[in-house]
Amino acid sequence: MILLRDTIRSVWVYANLFAVTITLSSLVVVCALLRIRGRVYDWAGEAWARWMLFISRVPVRVTGLEHARADRPRIFASNHQSWFDVFALAARLPGPYRFVAKKELGQIPIFGHAWRAAGHISVDRGDRASAIESLDQAGARLRRENSAVVIFPEGTRSMTGDLLPFKKGAFMLALHTGVDIIPVGITGSREVLGKNSWRVRMGEIQVRIGPPIPTREYSAETRDALIARVRAEILRLMQDTQQAAPVEPGRRAHEP
């Protein structure tokens, strides 16, 4: 019975994912072709994420939003357990922000065009020079738009939920720009949809945002110390047992 319920829910979620992705991606692509400027690109990503959380019946509880100030450039560094991490962050982080992800996302038909048109950054992990160029683009956008970049330092989703070793790209970006790193710990998303799983289960995602970690006191020579500090803080946030903030009522938590 549980398997049947999860199967029906999963089919419904994937059907909605396909429909809303095609619809909003097409809107973004058309706006880009017409050279329309404005918040439509940020709105589309946020609406996409909120709709998926709503249709999946997955509430998101956030603690520490006061650390995620939108009045200055910032780099969010989060653990990664599920595709629902993206939905949770895209729906609840104060914008504007851009995700940094593997280049394969930018190659998906329609979605990939929309991804690039909205300003998100694709990184070719197999090409170091290209990856550095992509991170330089992210840094330039940070300074130009006074915006945020969202990076998953593990580079992939964790199958077990344990924190994987961190890649260095996010930290080189922070050191080159002097922008603070804001650690983020996400729990609950793996129970909703784990890596290599197709079943979308009911559950609650908790997002805990920690105080910004200054990077100006670090250098390329002390990069490993910065990585260790950020990793320890994300691990602490993941393990934090303090009561999370209540879900915002109405549209903010459950609706697109």
Side-chain angles (χ1 to χ4, degrees), residues 2 6 9-10 13 16-17 45-70 74-95 97 99-101 148-164 166 170 180-213 229-256:
I2 294 177
D6 286 347
R9 179 188 300 111
S10 300
V13 169
N16 273 270
L17 175 62
E46 189 175 339
W48 172 74
R50 287 185 178 180
W51 178 256
M52 291 310 303
L53 292 171
F54 168 72
I55 210 67
S56 305
R57 307 305 298 170
V58 175
V60 177
R61 295 181 180 267
V62 181
T63 302
L65 269 177
E66 67 274 12
H67 301 307
R69 295 176 55 179
R74 57 224 184 276
I75 297 174
F76 291 99
S78 173
N79 66 304
H80 196 17
Q81 299 182 349
S82 168
W83 283 115
F84 272 80
D85 299 335
V86 177
F87 297 145
L89 294 176
R92 301 302 297 277
L93 288 181
Y97 51 81
F99 281 86
V100 176
V149 167
V150 182
I151 293 182
F152 298 111
E154 294 165 281
T156 188
R157 289 163 291 158
S158 171
M159 289 192 64
T160 63
D162 295 330
L163 203 57
L164 301 175
F166 281 5
D180 293 349
I181 295 178
I182 301 179
V184 180
I186 301 178
T187 55
S189 58
R190 179 170 167 267
E191 286 69 33
V192 175
L193 179 65
K195 186 175 182 179
N196 295 336
S197 174
W198 59 269
R199 294 169 62 183
V200 180
R201 301 175 173 87
M202 295 184 68
E204 178 182 275
I205 297 174
Q206 294 195 20
V207 178
R208 298 183 176 95
I209 303 172
I213 296 176
R229 180 177 175 183
V230 173
R231 193 176 191 279
E233 182 63 11
I234 292 176
L235 188 60
R236 183 190 69 79
L237 292 167
M238 291 171 61
Q239 296 174 340
D240 193 353
T241 57
Q242 294 181 359
Q243 183 176 358
V247 175
E248 297 179 27
R251 182 176 185 272
R252 192 58 190 165
H254 297 286
E255 300 177 14

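Note that the structure is predicted; figures quoted are calculated from it, not measured.
Thr187 has its side chain within reach of Arg208: a pair of non-hydrogen atoms, C-beta onward, lies under 4.5 Å apart. Using a 4.5 Å cut-off on side-chain heavy atoms (C-beta onward), Asp180 and Ile75 make no contact. Between Thr156 and Lys195, some side-chain heavy-atom pair lies under the 4.5 Å cut-off. Between His67 and Pro212, the closest side-chain pair of non-hydrogen atoms falls below 4.5 Å.
In terms of heavy atoms, Val86 sits closest to Phe99 at O-CZ, 4.1 Å. Nearest heavy atom pair, residue Ala90 against residue Ala49, reads CB-CB, 3.6 Å. A pairwise comparison of heavy atoms in Ser158 and Gly161 identifies OG-N, 3.0 Å as the closest pair. Closest approach of Pro183 and Leu237 over heavy atoms only: O-CD1, 3.5 Å. Contact record, Arg201 with Val58: O-CG2, 4.4 Å, taken as the closest heavy-atom pair. Across every non-hydrogen atom of Ala77 and Ile181, the tightest pair is CB-CG2, 3.8 Å.
For Glu154, the salt bridge (charged side-chain N to carboxylate O under 4.0 Å, His left out) criterion is met by no residue, not counting sequence neighbours. Taking Ala148 as the reference, Arg74, Phe76, Tyr97 meet the side-chain contact (heavy atoms from CB on, under 4.5 Å) condition, with sequence neighbours excluded. Every residue two or more places apart in sequence or in another chain that forms a ring pair (Phe, Tyr, Trp, His ring centres under 6.0 Å) with Phe87 is listed here: Trp48, Phe84. Take Arg199 and apply the side chain to side chain donor-acceptor pair (under 3.5 Å) test, not counting sequence neighbours, and it matches Asp6. Applying the salt bridge (charged side-chain N to carboxylate O under 4.0 Å, His left out) rule to Asp162 yields no partners; only residues at least two apart in sequence or on another chain are considered. Under the side-chain contact (heavy atoms from CB on, under 4.5 Å) criterion, Met202 pairs with Arg9, not counting sequence neighbours. Looking at residues two or more places apart in sequence or on another chain, you find no side chain to side chain donor-acceptor pair (under 3.5 Å) involving Arg157. Remark: Asn16 pairs with Trp12, Trp51, Ile55 by the side-chain contact (heavy atoms from CB on, under 4.5 Å) rule, at least two apart or across chains. Residues meeting the side-chain contact (heavy atoms from CB on, under 4.5 Å) test with Arg190, sequence neighbours left out: Gln81. When the salt bridge (charged side-chain N to carboxylate O under 4.0 Å, His left out) test is applied to Arg69, the partners found at least two apart in sequence or on another chain are Asp71. Applying the side chain to side chain donor-acceptor pair (under 3.5 Å) rule to Ser189 yields the partners Asp85; only residues at least two apart in sequence or on another chain are considered. By the side chain to side chain donor-acceptor pair (under 3.5 Å) test, Glu191 pairs with no residue at all, sequence neighbours left out.
Atoms NE2 and CD1, from His80 and Ile151 in turn, are 12.5 Å apart once rounded to the nearest 0.5 Å. Between Ile205 atom CD1 and Leu53 atom CG the span is 6.0 Å, to the nearest 0.5 Å. Within the model, atoms CD of Glu46 and CZ of Arg92 stand 10.0 Å from one another, a figure rounded to the nearest 0.5 Å. Residue Phe152 holds its CZ atom at 6.0 Å from CD1 of Ile186, rounded to the nearest 0.5 Å. Atom-to-atom distance recorded for Leu17:CG and Met52:CE is 4.5 Å, nearest 0.5 angstrom.
The one candidate from Ile209, Val150, Val230, Ile213 that meets the side chain to side chain contact (heavy atoms under 4.5 Å, CB included) condition with Ile182 is Ile209.
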key: Check against side-chain contact (heavy atoms from CB on, under 4.5 Å), Leu89 and Ser78   = CA-CA 9 Å; Leu89 294 176; Ser78 173; 4.1 Å; yes
